[in-house]
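Structure first, then comments.
Both counts, for ligands and for their atoms, begin at 1 and track the order of listing. The chain is numbered in sequence order, starting from 1. Because the structure is predicted, anything quoted here is derived from the model rather than measured.
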Amino acid sequence: MTLRVAIVGLGKIARDQHVPSIADVDGVELTAVASRNADQDGVRNFATIEELLSEPALFDAVALCTPPQVRHEQALLALSAGKHVLLEKPPGATVSEIAPLVALAVEKNVTLFATWHSRFAPAVEPARRFLVERGLRSVHIEWKEDVRKWHPGQAWIWEPGGLGVFDPGINALSIATAILPRSVYLTSSELSFPENRAAPIAADLRFHDASGLDVTAEFDWRETEGETWNIHVETDRGRLSVRDGGKRLVLDGEVLVDEPDAEYRGIYRRFAELIAAGGSDVDLTPLQHVADAFLLGRRHVVEAFVEA
Ligand code: NAP
């Protein structure tokens, strides 16, 4: 049976990834969109999620592609209406707002899928399998990009709950928490806030695991010489690097995986599988680490960020 999806929030990620990926995946179809500002060809268009939900026969599931600060209310509405819900990352603006959504999904017997798109990158599962049997010596995460290039005009990202540089940084944490064999916990956090903004532009983090493994992370939005989205793991069998956001896996210079991006097709296949199996998938670990980074963070005030 075809899974009929309605997208809420027709912004960058909805246009770049959700719409084309839904079109590419067999058994999944886009039938409606709720957008305050835009229309999508070939489907029913609504201005708000309330109007969308007034025509429930049009769709089975809602993909929430809105900023984290407004997604909770939308998820409550969609789950209450008995619809399956896909949450873009991060799953919420706070950690504790997710438990009521999980409970409501159980009560309504529908699927809640908190997506971490980077976990669907091709190098992630091979990296996990490689690391499970190895001695690990250290891990270094470098996740740097130009905020002006990747988040132009996104005012919400600088507001409380928008996460600032953790919006991309949480992708690195979603990969690290998927590939490392033991759970890690934060031990230090240095956060750089532009003097005119409520969210950090850079962060330096340190984690450990129960074996004493040292994990360091550098997140920076002030990179203007291209992107660096890499995780390097020093092991007893050499240096394993998950590179380019998870597209490539390299062991001591030898390329083990190098495949094009298919993250969102993987997400929609998984969503359909979860619905067919009557299950949910909600892992809050990356968001908990970001919350810890704010809890333990030493705040540094840096130069104002001016977009233009
Ligand atoms: P965006 O371009 O700003 O789009 C968000 C859309 O949400 C807006 O275009 C708007 O759509 C809708 N919206 C509803 N209420 C809003 C409000 N109060 N303020 C702003 N927008 C509101 O953002 P995005 O990059 O698509 O990111 C959306 C989510 O996807 C974020 O959680 C982000 O972390 C995640 N994500 C983004 C990327 C990426 O590369 N950009 C990658 C992966 C995940 P309408 O005008 O249609 O109502």
TODO: Run the salt-bridge test on Glu125 and Arg129 with the 4.0 Å N-O cut-off and return the result as yes or no.
DONE: yes
Task: Side-chain ion pair, Arg222 and Asp146, N-O less than 4.0 Å - done: no
Open item on the list: Other residues, nucleotides and ligands only: do more than 12 of their heavy atoms fall within 6.0 Å of CD on Glu303?
Closed with: no
Open item on the list: Heavy-atom count check: over 12 atoms from other residues, nucleotides or ligands less than 6.0 Å from Asp252 CG?
Closed with: yes
TODO: Give a yes-or-no answer on whether the side chains of Glu218 and His140 include a donor-acceptor pair shorter than 3.5 Å.
DONE: yes
Can you tell me which portion of [X] lies within the under-4.0 Å heavy-atom range of ligand 1? Options are side chain, backbone, both, or neither.
| X | result |
| --- | --- |
| Cys65 | backbone |
| Asp167 | side chain |
| Trp116 | neither |
| Gln17 | neither |

Which ligand 1 atoms does [X] reach within 4.0 Å, using its non-hydrogen atoms?
| X | result |
| --- | --- |
| Tyr264 | 43 (C), 44 (C) |
| Leu10 | 11 (O), 45 (P), 47 (O) |
| Ser35 | 45 (P), 46 (O), 47 (O), 48 (O) |
| Pro68 | 32 (O) |
| Pro67 | 5 (C), 7 (O), 13 (N), 16 (C), 19 (N), 20 (C), 21 (N), 22 (C) |

From the options [options], select the one whose nearest heavy atom is closest to [atom].
| atom | options | result |
| --- | --- | --- |
| atom 46 (O) of ligand 1 | Asn37, Asn171, Asn45 | Asn37 |
| atom 29 (C) of ligand 1 | Val70, Thr66, Ile170, Thr115 | Thr66 |
| atom 16 (C) of ligand 1 | Glu263, His117, Arg36, Arg15 | Arg36 |
| atom 9 (O) of ligand 1 | Gly11, Gly92, Gly9 | Gly11 |
| atom 36 (N) of ligand 1 | Glu88, His151, Gln154, Lys12 | Glu88 |

Task: Criterion side chain to side chain contact (heavy atoms under 4.5 Å, CB included) against Val19, the qualifying member of Ile13, Asp24, Leu30 - done: Leu30
- [ ] Could you say whether the N/O atoms of Trp156 and ligand 1 ever approach to under 3.5 Å?
- [x] yes
Task: Geometric N/O contact Lys89 with ligand 1, under 3.5 angstrom - done: yes
Open item on the list: Under 4.5 Å between side-chain heavy atoms, counting indirect links through other Ile/Leu/Val/Met/Phe/Trp/Tyr residues: same cluster for Trp116 and Val215 or not?
Closed with: yes
Open item on the list: Once you measure the plane-to-plane angle for Phe207 and His289, does it fall in the parallel (<30°), tilted (30-60°) or perpendicular (>60°) bin?
Closed with: perpendicular
TODO: Please check if the side chain of Arg4 supplies one atom and the backbone of Ala61 the other of a donor-acceptor pair under 3.5 Å.
DONE: no
Task: Smallest separation among heavy atoms of Phe59 and Leu52, with atom names - done: CE2-O, 3.5 Å
TODO: Looking only at protein heavy atoms, identify the closest one to atom 40 (O) of ligand 1 and say how far it is in Å.
DONE: Ile13 CD1, 4.1 Å
TODO: Tell me whether the centres of the aromatic rings in Phe166 and Phe294 are closer together than 6.0 Å.
DONE: yes
Open item on the list: I'd like to know whether ligand 1 has Pro90 as a neighbour, heavy-atom separation below 4.0 Å.
Closed with: yes
